[in-house]
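Some notes on the structure that comes next.
Please read these numbers as outputs of a predicted model, since none were measured by experiment. A, B, ... follow the sequence lines: proteins, then strands. Residue 1 opens every chain.
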Amino acid sequence: MMSYWLVKSEPEECGLSHFLAAGQRGIPWDGVRNYQARNFLRDMQVDDSVLLYHSSCRDVGLVGTLRVTSDPYPDPLQFDVSSRYFDAKATPENPRWTAVNLSLLAPLARLVPLSELKSSLAFADSPLTAKGARLSVMPLTRIQWQVACQLAEN
DNA sequence: GCCAACGTTGGC
DNA sequence: GCCAACGTTGGC
């Protein structure tokens, strides 16, 4: 069953430009340190579709479509003492955090600003538009996916 | 830069 | 197990 997702990142951290540069190789989506977001990562499957969202910047909104290219796997950064994402309580036998690989499907024809999503009925119940929501990985309904792609074409 | 909303930590 | 303090996220 194909699922739809949305992931947030600051554009300088892991944004559209990074995915453009990475091409088919894709990029590990790692460093997620929120349990709810991690649980969604765990539910991802190869070939699931993902919207990329730029957060904490001047033009916040949707910028591209991505594809899941790996099964979920233990985030290596949790074992890396030199990483800011190191977690002393995680062990290879008992990993805490999950990553998946994502690669670019296509940039959106235009950035779909958060303001437009907020005024879209389809996103009324989404954590994306909820006040104060900080969830960085979330599921999308098929309708939300379609609406977002359609908005990008207008 | 401000501030609201959360999640996490740690004392008790 | 409660809850205050603190840190982080993220829109504006």
Side-chain angles (χ1 to χ4, degrees), chain A residues 3-22 26-44 48-66 68 72-105 107-141 143-154:
Chain A
S3 299
Y4 300 92
W5 308 95
L6 180 146
V7 296
K8 287 187 196 172
S9 171
E10 301 184 12
E12 316 78 47
E13 189 74 22
C14 192
L16 182 58
S17 62
H18 299 82
F19 279 99
L20 284 166
I27 297 179
W29 200 261
D30 50 22
V32 171
R33 294 295 178 269
N34 168 283
Y35 286 106
Q36 200 181 354
R38 180 209 61 184
N39 292 343
F40 288 133
L41 284 178
R42 283 178 170 175
D43 290 338
M44 289 188 181
D48 279 357
S49 297
V50 182
L51 283 175
L52 178 62
Y53 176 90
H54 280 176
S55 67
S56 295
C57 58
R58 198 186 48 157
D59 298 310
V60 293
L62 303 171
V63 293
T65 55
L66 312 174
V68 177
Y73 57 93
D75 181 349
L77 299 183
Q78 67 194 307
F79 312 125
D80 179 355
V81 273
S82 68
S83 168
R84 58 184 283 226
Y85 297 112
F86 174 72
D87 185 339
K89 293 177 182 160
T91 64
E93 297 73 33
N94 263 314
R96 279 194 161 189
W97 304 110
T98 299
V100 295
N101 293 342
L102 301 176
S103 70
L104 185 66
L105 258 183
L108 295 185
R110 71 174 183 103
L111 183 143
V112 178
L114 177 61
S115 58
E116 287 184 30
L117 300 172
K118 280 184 172 172
S119 54
S120 162
L121 203 57
F123 281 88
D125 292 332
S126 172
L128 186 65
T129 57
K131 189 176 161 199
R134 301 185 301 170
L135 191 59
S136 66
V137 179
M138 70 189 76
L140 295 175
T141 64
I143 300 299
Q144 287 168 341
W145 172 270
Q146 287 172 344
V147 166
C149 292
Q150 194 173 1
L151 284 171
E153 298 300 325
N154 293 337

| What is the distance from NZ of Lys131(A) to C1' of dC12(C), rounded to the nearest Å? | 13 Å
| task | Examine Tyr73(A) together with Trp97(A) and report whether their ring centres are nearer than 6.0 Å. | result | no
Please list each protein N or O that sits under 3.5 Å from an N or O in nucleotides 8-11 of chain C, with the distance.
residue: dT8(C); atom: O2; partner: Arg134(A); partner atom: NH1; Å: 2.5
residue: dG10(C); atom: OP1; partner: Lys8(A); partner atom: NZ; Å: 3.4
residue: dG10(C); atom: OP1; partner: Arg134(A); partner atom: O; Å: 2.7
residue: dG11(C); atom: OP1; partner: Tyr53(A); partner atom: OH; Å: 2.6
residue: dG11(C); atom: OP2; partner: Ser56(A); partner atom: N; Å: 2.9

| field | Over 12 non-hydrogen atoms of neighbours within 6.0 angstrom of CD in Gln150(A) | value | no
| message | Please check: side-chain N/O of Asp75(A) versus main-chain N/O of Asp30(A), any donor-acceptor pairing under 3.5 Å? | response | no
| query | Which atoms form the tightest heavy-atom contact between Leu111(A) and Val60(A), and what is the distance? | reply | CD2-O, 4.0 Å
| Residue pairs fulfilling salt bridge (charged side-chain N to carboxylate O under 4.0 Å, His left out) with at least one residue in residues 125-135 of chain A, sequence neighbours excluded | none
